[in-house]
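Encoded as structure tokens, the structure appears first; notes follow it.
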Amino acid sequence: MTTYAVTNIRSGLTLGEYSGETPAHAIAAMLRDAGYTASVEDGEVSLGDDAPETVRDGLDEIEAVEI
């Protein structure tokens with residue numbers, strides 16, 4: 001597994017370091033750590049019904065960079 005720094009690209013805030021097979025897996029791990037249901041399907045982060053719209057809308061502002 002690779003470790004990624006997950007960052008909000010708008011604010012520059014690092015949300016944590018997470019391991020995953022891909023950046024999408026690391027973002028899904030961060031979302032699960034925050035209490036949401038998240039997985040990776042076809043290379044994209046997929047959120048469960050428990051995630052509010054603000055989280056869904058904010059996904060395009062999140063990036064994971066290998067460290």
Side-chain angles (χ1 to χ4, degrees):
M1 293 254 174
T2 303
T3 302
Y4 296 89
V6 179
T7 305
N8 179 303
I9 57 175
R10 179 175 281 200
S11 69
L13 178 68
T14 298
L15 303 170
E17 296 177 1
Y18 294 89
S19 296
E21 295 175 32
T22 67
H25 286 95
I27 292 170
M30 183 268 308
L31 291 164
R32 287 190 301 273
D33 193 37
Y36 301 112
T37 303
S39 61
V40 176
E41 298 177 15
D42 296 325
E44 298 290 324
V45 176
S46 176
L47 287 163
D49 293 336
D50 58 342
E53 200 62 36
T54 54
V55 172
R56 294 174 192 285
D57 291 343
L59 276 180
D60 61 345
E61 297 177 4
I62 304 297
E63 74 174 357
V65 177
E66 185 176 341
I67 54 173

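Atoms considered below: every heavy atom in the structure, side chains included; atoms not considered: hydrogens, waters and symmetry mates.
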task: List, by chain and number, the other hydrophobic cluster members for Val40, where Ile, Leu, Val, Met, Phe, Trp and Tyr join if side-chain heavy atoms come within less than 4.5 Å, directly or indirectly.
output: none

- prompt: Looking at Ala24 and Gly43, what are the two nearest heavy atoms and their distance?
  reply: CB-O, 3.7 Å

- prompt: Hey, is CD on Glu44 packed in by over 12 heavy atoms from elsewhere, all under 6.0 Å?
  reply: no

field: Set of residues satisfying side-chain hydrogen bond (donor to acceptor under 3.5 Å, both in side chains) with respect to Thr37, sequence neighbours excluded
entry: Asp50

- prompt: Nearest heavy-atom pair of Ser46 and Glu41: which atoms, and what distance?
  reply: OG-OE2, 3.6 Å

query: Which pair of heavy atoms, one from Ala26 and one from Tyr4, lies closest together, and at what distance?
result: CB-CD1, 3.6 Å

- line: Under a side-chain separation threshold of 4.5 Å, the hydrophobic residues clustered together with Leu59 are Val6, Leu13, Leu15, Tyr18, Ile27, Met30, Leu31, Tyr36, Val45, Leu47, Val55, Ile62

task: Indicate the atoms forming the closest heavy-atom contact of Ser19 with Ala29, along with that distance.
output: O-CB, 4.3 Å

- prompt: Residues in side-chain hydrogen bond (donor to acceptor under 3.5 Å, both in side chains) with Thr22, at least two apart?
  reply: His25

- line: salt bridge (Lys or Arg N to Asp or Glu O under 4.0 Å) filter on Glu66, not counting sequence neighbours, yields none

- line: Applying side-chain hydrogen bond (donor to acceptor under 3.5 Å, both in side chains) to Asp49 and not counting sequence neighbours gives none

